[in-house]
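Please read all numbers here as calculations on a predicted model, not as lab measurements. The sequence lines fix the lettering, A, B, ..., with proteins before strands; numbering per chain opens at 1.
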Amino acid sequence: MEFLNELNPSQYEAATHVEGPMMVIAGAGSGKTKVLTSRIAYLIENGVDAFHILALTFTNKAAREMKNRISNVVGESEAKNVTMGTFHSVFARILRHHADRLGYPSNFTIYDTQDSKSLIKSIIKEMGLDDKIYKPGVVLSRISSAKNNLISATQYEQKSDIVAVDRMSAKPQLYLIYKQYEQRCFKASAMDFDDLLFKTNLLLRDFPDVLQYYQHRFHFILVDEYQDTNYSQYLIVKKLAAVHENLCVVGDDAQSIYAFRGADIENILNFEKDYPDYKLFKLEQNYRSTKNIVEAANSVIGNNKNQIKKTVWTQNDTGNKIKVVRTLTDNEEGRWIANSIYDNKQASGELHSNFAILYRTNAQSRAFEEALRKLNIPYRIYGGLSFYQRKEIKDLIAYFRLVCNPNDEEAFKRVINYPKRGIGDSTIDTLFVASQNYQIPIWELIENFHQYPVNINGGAKSKIEQFVMMINRYRGQLETHPASDIAEDIARSSGISKLLYDDKSPEGVARHENIQELLAGIKEFSDSGEEGELLTLGDFLLDVALLTDADDDKDKETPRVSLMTIHASKGLEFPHVYIVGLEENLFPSQMALHSRADLEEERRLFYVALTRAEKKCTLSYSMCRYLYGRPTTSEPSRFIQEIDPAYLEIEVPNKPESGRSLNLARPVLSTPSSGLSGSFKSVQQVRPMNDHLKKNSDIKVGHVVMHEKFGKGKVLSFEGAGSDKKVKIFFAGNGEKTLLMKFAKLEVLD
DNA sequence: GGAGCTTCAATTTTT
DNA sequence: TTGAAGCTCC
């Protein structure tokens, strides 16, 4: 077993320990994934049937990576038999298998966060509550944390302490929303993300035969990132492992940064209580970073009370000290960092992909984008909307969902009138009210108007019937046609494809391309099956519902600087890391200052940030930054002081009168080499607001004008007068538009 | 139904 | 500042 030779002694011990409960505390950069994959390979090589192994991760990416690594060692055909995936995807599959036990059909829909919010919003509206007080996002997070603690709506209502909290925050009816939400999800044959774990718990609790089956199937269970498990996940793992107790959990309490989402660090701290005879392994040698970085990170995390004792060390070089930079403004911070990347690249000849800028909040990215653009440094922002969250993708997928599960209310709402087919909001509202009154799913209602009279006009009714026929036609093909056939048919005959094709604005073109890309992806999926295997649209949805990361490494060819939040950087590493915005109220976040636990989580976040760096790490803070459009002064973060100064190198602060301040920033620095879009954007921002009012009166027929959104166009004619005066313009690419003169922002070009 | 205005709020977010 | 969502007018 050659792969074992690559392990150091403590890694080796952990990877080759077979029986019984064990916990691996893996410091940052200590080869955690390597141990996990080696252990699985070791089990298989020692005769354990891959079929009996369950490995749970938190991200698809981690699961994919592990699967690949294991394939490389034991071969793909063996690796394939390991049950490996995210908690959500593994248990979603198990739930599909036993859905009938819970009264669900096996083709249940998985609601994403948007769906959940939208449903909660309609419930709030239907109950006549104020959505200023009952904010859908807040309500959802209350419900979510209840579910993660295995509290059902009925139990929620009975827990006086929980209800009291809601009453204190002026939301006494929250339990009723939860109840409604629970019912509506059930009626729609839908489970949200939390349900996948919650219902798995119900399944294992209420059906002993199911529990026993999986207890005996999974002889070996491995859990990655154990510090991020919530109570619901903890209990599933505990139950499944109860017979064989061959449970191996791997994690790092110092890197727990998702408590705000219900992750319970106690799970790792209490492992000992559940399994008193457990074996503890510690991976303390860091292979990633220089001594300075490792020691600096240690000195920071030492300020946390709540932690498992360990000493992370490294044999790597001492390396450079961590640089601390102070700038006057956020824009200057951006420029300083961009310049530093430029200089470092010049000096070392490294790729841009060796550099990362990490920040606490997404909003901070702007200054860095601008500065990097001006220096023509390619970058990529991680986070933001992933492919599957784009509206056009969600719309098309909503058709797929509706075809597979017509009770899916959220999918129904999305597509019933998209593309426009003359079924308006009031009609839809009437349908929803009627479906509530009749106590039936909305699809049953509209399929059977003759049976359930509804007060809507004949025109709308026949349009709905047409819609029903269209969806039913696809439904008929569901089990006989490959996913790609139906998908392409839907995209075409629903009108979505044409609608986006006809939109020639840059956004429209991009949207159409996205749809094409999705269809191509489905085609690839359909073709990926074994000989003679039919992969249906339902199979595709099963795959796609839990895929959130875009992982489109299409533009890999250009190495790019990475920009991301620290949360998003977990698990990654870069030779050069810039941690920016190290200011009180930003990092640590203002919201985290109230409790010790929150502050400790921020500190762990900082620890994660520091330990991303391999060679050079730079910290920056600004004395002044724009916050919500207002300039705000700021203090350096306490975290800087928490680093032992022996590992720091403070840049000489620039003098306040050094000129390069606020107002000069943008216009002065725009150079001829700057990217087109960059300079264009700043020109638009600089232009005085009322400019167009003066200009519009000068416009004559035949003039070529520029419109902010539609681009260049030619004035065809005028209509009306005074404040109603309209202008008809032909835009290249956007066609003819009639605009109100008083609103249109036009600029005469000749 | 759509365009364009006003208004309001504003961490982090593996699924 | 940005953006989403609501409102108003054709």
Who are the ring-ring contact (aromatic ring centres under 6.0 Å, His included) partners of A:Phe58, not counting sequence neighbours? A:Phe87

Side-chain N or O of A:Asn362 less than 4.0 angstrom from OP1 or OP2 on B:dT12?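 Checking A:Asn362 against B:dT12: at least one side-chain N or O falls below 4.0 Å of OP1 or OP2.
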
Taking only side-chain N and O atoms of A:Lys121, does any of them lie within less than 4.0 angstrom of OP1 or OP2 on C:dA4?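 Result: no.
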
Could you label the plane-to-plane angle of the A:Tyr258 and A:Phe260 rings as parallel, tilted or perpendicular, counting under 30° as parallel and over 60° as perpendicular? tilted

Looking at the side chain of [X], which of [options] is the nearest nucleotide?
| X | options | result |
| --- | --- | --- |
| A:Asn417 | B:dT14, B:dT12, B:dG1 | B:dG1 |
| A:Arg366 | B:dT12, C:dT2, C:dA5 | C:dT2 |
| A:Tyr628 | B:dG1, C:dT1, B:dT12 | C:dT1 |
| A:His567 | B:dT12, C:dA5, B:dA10 | B:dT12 |
| A:Arg360 | B:dT11, B:dT14, B:dG2 | B:dT11 |
| A:Lys420 | B:dT13, B:dG1, B:dT14 | B:dG1 |
| A:Thr565 | C:dG6, B:dT11, B:dT13 | B:dT13 |

Among residues 222-230 of chain A, which contact DNA chain B at a heavy-atom distance under 4.0 Å? A:Asp228

Going by number, which of residues 588-610 of chain A have a non-hydrogen atom under 4.0 Å from DNA chain B?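 By residue number: A:Ser589, A:Met591, A:Glu602.
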
I'd like the C1' distance from C:dA5 over to B:dT12, given in whole Å.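 About 24 Å, rounded to a whole number of Å.
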
If we take the C1' atom in both B:dT11 and C:dG6, what is their distance in whole Å?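 Taking atom C1' in both B:dT11 and C:dG6, they lie 25 Å apart.
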
Where does B:dT12 land, syn or anti, given syn is within 90° of 0? anti

Taking atom NZ of A:Lys117 as the centre, does the number of heavy atoms from other residues, nucleotides or ligands within less than 6.0 Å exceed 12?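 No.
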
Test A:Asp224 against A:Leu56 for side chain to side chain contact (heavy atoms under 4.5 Å, CB included), laying out the working first. CA-CA 6 Å; A:Asp224 191 17; A:Leu56 296 167; over 6 Å; no

